[in-house]
There are 2 protein chains.
Amino acid sequence: MLDPMGSGQVRLSDVAAVAGVSLSTASKALSGSTRISLATRERVRAAATRLDFRPDALAQSFASGRSRTIGVLTHRATNTFSQPVLIGAVLLLGEQDQATLVHDGDVAVHRRLGQSVRELQARRIDGLLVIGDGHEQVTASVTHHFAVPVSYAFTASDAEEDVVFLPDNEAAGRIAAEHLLSRGRRRIAHLTGPRQSLAVQLRETGFREALGSAGVHPVGPVLRSHWGRPWGAEAMTRLLDSGTDVDAVFCGNDHIALGALDVCTRRGISVPDDIALIGVDNWEGVVVDQNIRQLTTVDLELMALGRRAAASLLGERPTPGQHRSPPTLVQGPST
Amino acid sequence: MLDPMGSGQVRLSDVAAVAGVSLSTASKALSGSTRISLATRERVRAAATRLDFRPDALAQSFASGRSRTIGVLTHRATNTFSQPVLIGAVLLLGEQDQATLVHDGDVAVHRRLGQSVRELQARRIDGLLVIGDGHEQVTASVTHHFAVPVSYAFTASDAEEDVVFLPDNEAAGRIAAEHLLSRGRRRIAHLTGPRQSLAVQLRETGFREALGSAGVHPVGPVLRSHWGRPWGAEAMTRLLDSGTDVDAVFCGNDHIALGALDVCTRRGISVPDDIALIGVDNWEGVVVDQNIRQLTTVDLELMALGRRAAASLLGERPTPGQHRSPPTLVQGPST
DNA sequence: CTGAAAGCGCTTACAG
DNA sequence: CTGAAAGCGCTTACAG
């Protein structure tokens, strides 16, 4: 019968007594680190199993100095795109039996940030993950405030030697272009978000690069404005009305792609037979009903980004600098 | 100059020495609990401030038995609707300086669940939050496995005395109906999701109740099928083609409402002048670009639900039983 | 109101 | 390879 409340009455000293060894030997046998005779190790393990010994995490932490807690500093965690990064981090850490202590706020506001830093230090966190709200801004590095590993996700840091994880928007553009090319499309247009957005620029760069490698040029002018569905519709309308000969459109995100799709549907243009559409974000992937997918899209894999960034604090440290997570193609009916 | 690494070299004994009191007196003075002369308390506090004393959380936890960590057991945390609940919980806990240890899995799979329970016990968590994936299923209670408070969010528990937090789908239906009534609508139809869904049933119940209180009956048959936009469009088409005289539609969720809106737009029906539309979920609230809102909707406030449920583990315990979080009306252009 | 002492349950040099 | 001992830095009865 197992201890129903988990009150953990069985201590290491009990295990040691049963196994007929000293406390320190029992500790070493279970931690597995130091040189211990195989026989002793087995005897201690057997005793531990028989007594259902579970080490008290509080005592272990106090003695070892490791809290098994990772601090997370988020910049407005409720942002649509920050959420999957945070969820990914929290889930990976949980799998590794690491708790997460989240301080949410405005990473740019120094007074509150300083407070968070102090509190996280006092909690003796084993590592810190800074999560930004995209790649548009550069976060002021806090690495020097901590003696433990610090990683940055979804934001750049202003210190070159920091370990940074970012989505790969250039690759997203490349993947979209290569997919359309592989479908035999050659007259490809681009409708996207605001010109000043870094994501817009990087996706377009990757897109042009991949087309260029195939000796193809985008058709029509690149139309840039908003991220929303209405703009997608308007841009598609302009594109069609301009008389441009087009057989595919790379849309800067899924909202724009859905707006473009609306226009095609309204005008009786068959997607993908007449025009193929591809977006970015896998927005429909978070919708309840998976069988209503309308789009092919490039998923930036933000949850995986959060997982990778969190994992970087636990195992061996990755090399300093920016690490880009590979986006994935999600095939839908629109290509 | 503050300790840049936060290595916490200042110990309570240092504070006690500077203040000229014993270690135990210093401890009591700072914890604020026991009877201590005001003068002593102030002296100790001043010393602590001057030395920038920050108690070592690991030592505090070990000595006090409180880990300042809350366990969270999720049932597929990556579900669209579980995510805001988890985010809300994690953020509230962080604000209260509580770490979160998340074990994600299938709460119905007992072998893995048992493993999670054992690990959470060993971690000496101060409380446990069980997060389900909606209200459709009843979770087997795990409360009896823990000596610390356990709360349930976004799922019912099979033990009556458990503390459970659920969204209020009936209230959502009522709020939608009352809003349409307040807009002077009287010929109100209902298009919704699958008949077997509890959310469908509860929202409809609340809807009918509110209409009934105003002496109004729904017009046309209630059309129930899928949660997606295509079904919304199909249902709206059927409704209009049936010749039903209608001036408002309560849609079971926002996808259905958007499908209905598509049909109205296509047919030149003015929303809200001819027909008002209202949905549920505030789906557009998570979209990037807030100025593209098309719908009035009822927000179930799932993040607030997560926050409340998490808070219930920290302060005084709420009464056993089900606690329903109030949904809120989000006004948009469609009513 | 204050202080000396025990104790929380492990880990980790150190000596053997 | 094994064990005795110190120590991690607090909190908390207990005695004064």
Side-chain angles (χ1 to χ4, degrees), chain A residues 3 6-45 47-48 51-69 97 121-126 147, chain B residues 3 6-45 47-48 51-69 97 121-126 147:
Chain A
D3 173 16
S7 28
Q9 278 125 346
V10 177
R11 283 156 306 177
L12 183 56
S13 57
D14 299 324
V15 174
V18 166
V21 298
S22 74
L23 186 61
S24 46
T25 299
S27 174
K28 286 168 207 152
L30 292 181
S31 69
S33 55
T34 337
R35 303 176 202 305
I36 282 279
S37 77
L38 200 68
T40 305
R41 184 192 305 279
E42 287 312 320
R43 199 141 38 89
V44 174
R45 282 195 179 155
L51 296 177
D52 188 33
F53 169 68
R54 284 167 287 168
D56 183 322
L58 262 34
Q60 281 187 313
S61 285
F62 179 52
S64 68
R66 268 161 289 133
S67 60
R68 291 202 245 169
T69 298
D97 208 36
Q121 287 171 340
R123 273 299 282 262
R124 307 282 309 269
I125 54 171
D126 293 341
Chain B
D3 173 17
S7 29
Q9 278 125 347
V10 177
R11 282 155 307 176
L12 184 55
S13 57
D14 299 323
V15 175
V18 167
V21 297
S22 73
L23 185 62
S24 47
T25 298
S27 174
K28 285 168 207 152
L30 292 180
S31 69
S33 53
T34 337
R35 301 176 204 306
I36 283 279
S37 78
L38 200 67
T40 306
R41 184 191 306 279
E42 286 312 319
R43 201 141 37 89
V44 174
R45 283 197 178 154
L51 297 177
D52 189 32
F53 169 67
R54 284 167 286 167
D56 183 323
L58 263 32
Q60 281 186 314
S61 284
F62 179 53
S64 68
R66 267 161 290 132
S67 60
R68 292 202 244 169
T69 299
D97 208 36
Q121 288 171 339
R123 273 299 282 263
R124 306 282 309 268
I125 55 171
D126 293 341

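Below, read A as the first sequence line, B as the second, and so on, with proteins coming before strands; counting in each chain starts at 1.
In terms of the side chain to side chain contact (heavy atoms under 4.5 Å, CB included) criterion, residue partners of A:A48 (sequence neighbours excluded) are, by chain and number, A:V15, A:L30, A:F53. For B:T69, the side-chain hydrogen bond (donor to acceptor under 3.5 Å, both in side chains) criterion is met by no residue, not counting sequence neighbours. Listed by chain and residue number, A:R68, B:R123 satisfy the salt bridge (charged side-chain N to carboxylate O under 4.0 Å, His left out) test with A:D97 (two or more places apart in sequence, or in another chain). Listed by chain and number, the residues in a salt bridge (charged side-chain N to carboxylate O under 4.0 Å, His left out) with B:D126 amount to none (sequence neighbours excluded). Here B:T40 pairs with B:S37 under the side-chain hydrogen bond (donor to acceptor under 3.5 Å, both in side chains) rule; sequence neighbours left out. The side chain to side chain contact (heavy atoms under 4.5 Å, CB included) check on A:A59 picks up A:D56, B:F62, with sequence neighbours excluded. Qualifying side-chain hydrogen bond (donor to acceptor under 3.5 Å, both in side chains) partners for B:R43, counting only residues two or more places apart in sequence or in other chains: none.
For B:R11, whose side chain is taken as the heavy atoms from C-beta onward, the closest listed nucleotide among D:dC10, D:dT11, C:dT2 is D:dC10.
Consecutive Watson-Crick or G-U pairing (both distances under 3.5 Å) extending over three or more pairs maps onto DNA chain D as C:1-3 with D:14-16, C:5-12 with D:5-12, C:14-16 with D:1-3.
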Would you tabulate the side-chain donor-acceptor contacts of residues 16-24 of chain B under 3.5 Å, counting partners in other chains and residues two or more places apart, or write 'none'?
| from | atom 1 | to | atom 2 | distance (Å) |
| --- | --- | --- | --- | --- |
| B:S22 | OG | B:S24 | OG | 3.2 |
| B:S22 | OG | B:T25 | N | 3.2 |
| B:S22 | OG | B:T25 | OG1 | 3.0 |

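A:L38 has its CG atom 10 Å from the P atom of D:dC1, to the nearest Å. The distance between atom CZ of B:F53 and atom P of D:dG9, rounded to the nearest whole Å, is 11 Å. B:L30 places its CG atom 13 Å from the C1' atom of D:dG9, with the value rounded to the nearest Å.
Within residues 56-63 of chain A, the residues approached by DNA chain C to less than 4.0 Å at the level of any non-hydrogen atom are A:D56, A:A59, A:Q60, A:F62, A:A63, in residue-number order.
Here the CG-CG distance, from A:D14 to A:D52, works out to 12.0 Å after rounding to the nearest 0.5 Å.
Residue contacts for A:S37: at a heavy-atom cut-off of 4.0 Å it reaches the sugar-phosphate backbone alone, with no base atom in range.
DNA chain C is contacted by both B:S64 and B:R43; B:R43 maps to the nucleotide lying nearer its 5′ end (nearest heavy atom per residue).
Shortest non-hydrogen contact noted between B:R124 and B:S67 is O-OG, 2.7 Å.
Residue B:R66 places no side-chain N or O under 4.0 Å from the OP1 or OP2 atom of D:dC10. For A:T40, a side-chain nitrogen or oxygen approaches OP1 or OP2 of D:dT2 to under 4.0 Å.
Between the side chain of B:S61 and the main chain of A:L58, no donor-acceptor pair closer than 3.5 Å is present.
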Strictly under 3.5 Å: I want the nitrogen or oxygen pairs between protein and nucleotides 3-5 of chain C, one per line.
| from | atom 1 | to | atom 2 | distance (Å) |
| --- | --- | --- | --- | --- |
| C:dG3 | OP2 | B:S22 | N | 3.1 |
| C:dG3 | OP2 | B:T25 | OG1 | 2.9 |
| C:dG3 | N7 | B:S24 | OG | 3.2 |
| C:dG3 | O6 | B:K28 | NZ | 2.5 |
| C:dA4 | N6 | B:S24 | OG | 2.9 |

